[in-house]
Amino acid sequence: MFKSKSVLLSVVAGVVLSGCQSVAEKSGSHESSVANSTSASTAPLIQIKPTTQASEMRSEPTNIWEVVRSEMQLDLHLDRSRVQSQLNWYKKHPRYMDRVVQRATPYYHYMVTEAQKRGVPVELSLLPIVESAFDPFAYSHGRAAGPWQFIPSTGKYFGLEQNWWYDGRRDIISSTEAAYKYLAQLNKRFDGDWLLALAAYNAGGGTISKAIKRNKRADKPTDYWSLKLPKETMAYVPKLLAIAELVKNSPDYGLSLKEIANKPHFAVVDTGSQIDIARAASMAEITTKEMYLLNPGFNRWATAPEGPHRLLVPVEKANIFSASLAELPNESRMKWARYKIQPGDSLIAIAKKHKTTVGQIRSTNNISGNNIRAGKTLLVPTASKQSTEYALSEQQRHADRQKSISRTTNRKEKHYTVRSGDSFWSIANKHNVGVRQLARWNSMAPGDPLQVGKRLVIWTEPAQTALSSNEHQIIRKVGYKVRSGDSLSRIASRFSVNVADILRWNKLNKAQYLRPGQRLTLYVDVTNPN
């Protein structure tokens, strides 16, 4: 499974290696040879030396924001109401920018230097603020994931692998490369117009092309500001321009951006094959959470068996990690459990029990089909630590979401197993909850496919206790204006009424989505303290 017999390391943006040398691989037991077909080799401590480029950078600013300010290319002086509106919002919410900058710190130097290398406007490095607020684990109701928010199809088109173990849309290196490549293609498609390229990144190239054709037929201008586009896209480009303006002239707006060092934050270490993430973090002398934040593409407790076989680690820990990795025996890269096949077992059941995949079990045990025999023993990869140690794995993030819901609501948790023919809509309708709400509870998007047998979490309203007599109730007709983020269940909970009653009072269909600004009629017991 190794792509290289030596442990290789490279530091992104400005440094190179010296002293890399591979040695003969160690011999191992039959068990370790099953676990990894090729051994890891040892290597001397790797010394990191600055290149000429890095030496020349000594005279450059120590703060990456100064680099960004000096290299901006887009026109930020457009007196547009849409830009001013966004600018006013960011000015009023300085804490939001503080949080974003804090999240961006490990990644931003890399994203800026990649923009410089590719010759694209350095302002594009600010796009993850608009897309995800620099949260690498961001996942939208439209199925977009990662800092650059790629949907599954676009991600695959640009080579971002998505499987049970790994999602390249969240990988810092892969997603950044794909985003700049995509933006450059869109820029070329729209004759070098970066504003149209940005709009197309949000709405799709086809949407922008149709809007341009529409304006041409009406003999209207075809620049971004003249096009009629989806509401989100109308605000999308102004958001980026407003953020760029804030960054460029932050003192004028009373904004103090936390300094981000103008030097590489992380190094890239070639691990050669799969490795337990908690074990790798310990070897790098960082926390498992830090390892996940630098490597958010990995979904599980280990890196993906088919790659990418690399980990990002803080620059100052690169030599320590590389030396430890070179000395690590193959059988210690992962924890391997021996499992005796029981009557009635299947590969799927065994894989679920050990939180791995059927393919991994097949590969490790040289199984070509699905047939297994009771009494035989399988070698199965398993996590070396308790699940809570893998704090940012997909499973643990989902568990933490359920704990958060439990702490902040009086709803009761129940579970539903997906059956053939089920959809988010049918399940939500059956349990009187919103479709997006149901998907969000399960760390999914409404468009995600549901697999038969999948166990969903549903948070239901507690049964309401009927009053002993109507004389204790004072019912009043109340008008309610739907707010952004509202759902039928949230409104029902707020006013202590039933979803079914809201539907009946307003002659609504459960399949219809509520719209911000929509007026609802409610009949509320005003004596209820809730």
Side-chain angles (χ1 to χ4, degrees), residues 10-14 64 67-68 71-74 104 106-132 134-140 142-163 166-209 212 224 233 236-237 239-241 243-244 264-266 268 270 294-298 304 306-310 312:
S10 63
V11 180
V12 176
I64 194 67
V67 176
V68 174
E71 297 190 13
M72 287 187 173
Q73 300 178 34
L74 300 182
Y107 322 122
Y108 195 56
H109 177 271
Y110 173 75
M111 292 180 177
V112 171
T113 54
E114 284 299 301
Q116 292 172 318
K117 288 178 184 176
R118 296 166 185 273
V120 300
V122 74
E123 295 97 316
L124 300 187
S125 66
L126 298 168
L127 201 56
I129 299 179
V130 181
E131 288 287 352
S132 64
F134 264 105
D135 178 2
F137 297 102
Y139 191 65
S140 78
R143 303 181 69 196
W148 297 92
Q149 289 288 281
F150 277 95
I151 61 172
S153 57
T154 307
K156 289 176 182 176
Y157 180 84
F158 285 96
L160 299 178
E161 186 71 28
Q162 300 156 54
N163 56 52
Y166 169 80
D167 191 336
R169 296 177 298 166
R170 295 201 306 266
D171 185 289
I172 300 304
I173 290 178
S174 297
S175 67
T176 300
E177 178 183 343
Y180 287 147
K181 185 176 181 181
Y182 185 25
L183 285 161
Q185 287 185 8
L186 291 170
N187 175 256
K188 184 177 180 180
R189 173 174 176 173
F190 294 104
D191 301 321
D193 190 319
W194 280 110
L195 299 192
L196 291 178
L198 286 163
Y201 187 90
N202 175 254
T207 299
I208 306 305
S209 293
I212 290 173
Y224 166 77
T233 312
Y236 184 82
V237 175
K239 281 182 181 179
L240 180 67
L241 295 178
I243 291 168
H265 180 89
F266 57 75
V268 182
D270 186 347
L294 285 174
N295 300 275
F298 294 114
E306 301 302 324
H309 297 312
R310 68 176 182 219
L312 311 188

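For the pair Ser174/Glu161, no side-chain contact is recorded, criterion being any heavy-atom separation below 4.5 Å from C-beta on. Within the 4.5 Å cutoff, side-chain heavy atoms of Trp148 are placed close to those of Pro128. With contacts defined as side-chain heavy-atom distances shorter than 4.5 Å, the pair Val120/Leu183 does not qualify. Annotation: side chain of Pro106 is not in contact with side chain of Phe266 (no heavy-atom distance under 4.5 Å). Inter-residue side-chain proximity for Ser132 and Phe137 is flagged as unmet; no heavy-atom pair is nearer than 4.5 Å. Side-chain atoms of Tyr108 and Phe134, non-hydrogen and from C-beta on, do get closer than 4.5 Å to each other. Side-chain contact check for Pro121 versus Met72: every heavy-atom pair is 4.5 Å or farther apart. Here the side chains of Val67 and Gln116 are in contact, with some heavy-atom distance below 4.5 Å.
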Worksheet item: Step by step, would you call Leu127 with Leu240 a side chain to side chain contact (heavy atoms under 4.5 Å, CB included)?
Response: CA-CA 6 Å; Leu127 201 56; Leu240 180 67; 4.1 Å; yes

Worksheet entry | Leu160/Asp171 under side chain to side chain contact (heavy atoms under 4.5 Å, CB included): CA gap, chis, key distance, verdict | CA-CA 9 Å; Leu160 299 178; Asp171 185 289; over 6 Å; no

Item to complete: Evaluate side chain to side chain contact (heavy atoms under 4.5 Å, CB included) for Thr233 paired with Thr207, printing each intermediate quantity in order.
Response: CA-CA 10 Å; Thr233 312; Thr207 299; over 6 Å; no

Fill in: side chain to side chain contact (heavy atoms under 4.5 Å, CB included) assessment of Arg189 paired with Ile208
CA-CA 11 Å; Arg189 173 174 176 173; Ile208 306 305; over 6 Å; no

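Between Arg143 atom CZ and Arg169 atom CZ the span is 7.5 Å, to the nearest 0.5 Å. With values rounded to the nearest 0.5 angstrom, Asp135 atom CG is found 8.5 Å from Gln149 atom CD. The structure places NZ of Lys239 at 12.0 Å from CD1 of Ile129, a figure rounded to the nearest 0.5 Å. Taking OH of Tyr236 as the reference point, atom CG of Leu195 lies at 12.0 Å (rounded to 0.5 Å). In this structure, CG in Asn163 is found 9.0 Å from CD in Glu306, a value given to the nearest 0.5 Å. For the atom pair CG of Leu198 and CG of Asp193, the computed distance is 9.0 Å after rounding to the nearest 0.5 Å.
In this structure a side-chain-to-backbone donor-acceptor pair under 3.5 Å is present from Ser125 to Val122. The backbone N or O of Met111 sits less than 3.5 Å from a side-chain atom of Tyr180, completing a donor-acceptor pair. Listed for the Arg170 side chain is a donor-acceptor partner under 3.5 Å among the backbone atoms of Pro296. Between the side chain of Glu114 and the backbone N or O of Thr176, no donor-acceptor pair lies under 3.5 Å. Using a distance-only test at 3.5 Å, with no hydrogens or angles considered, a donor-acceptor pair links the side chain of Asn187 to the main chain of Gly192.
In this structure, Phe158 and Phe150 have tilted ring planes: the angle between them lies in the 30° to 60° band.
Across all non-hydrogen atoms, the minimal contact from Ile172 to Leu294 is CG1-O, 4.2 Å. Nearest heavy-atom pair across Ile173 and Arg310 is CB-NH2, 3.8 Å. Residues Phe298 and Pro308 come closest through the heavy atom pair CZ-O, 3.6 Å. Residue Tyr182 comes nearest to Ala200 through the heavy atom pair OH-O, 4.1 Å, listed as atom of the first residue, atom of the second, then distance.
Residues Tyr201 and Trp194 place their aromatic rings such that the two centres sit no closer than 6.0 Å.
In this view, Lys156 and Gln162 satisfy the side-chain contact (heavy atoms from CB on, under 4.5 Å) rule, not counting sequence neighbours. Listed by chain and number, the residues in a side-chain hydrogen bond (donor to acceptor under 3.5 Å, both in side chains) with Gln185 amount to none (sequence neighbours excluded).
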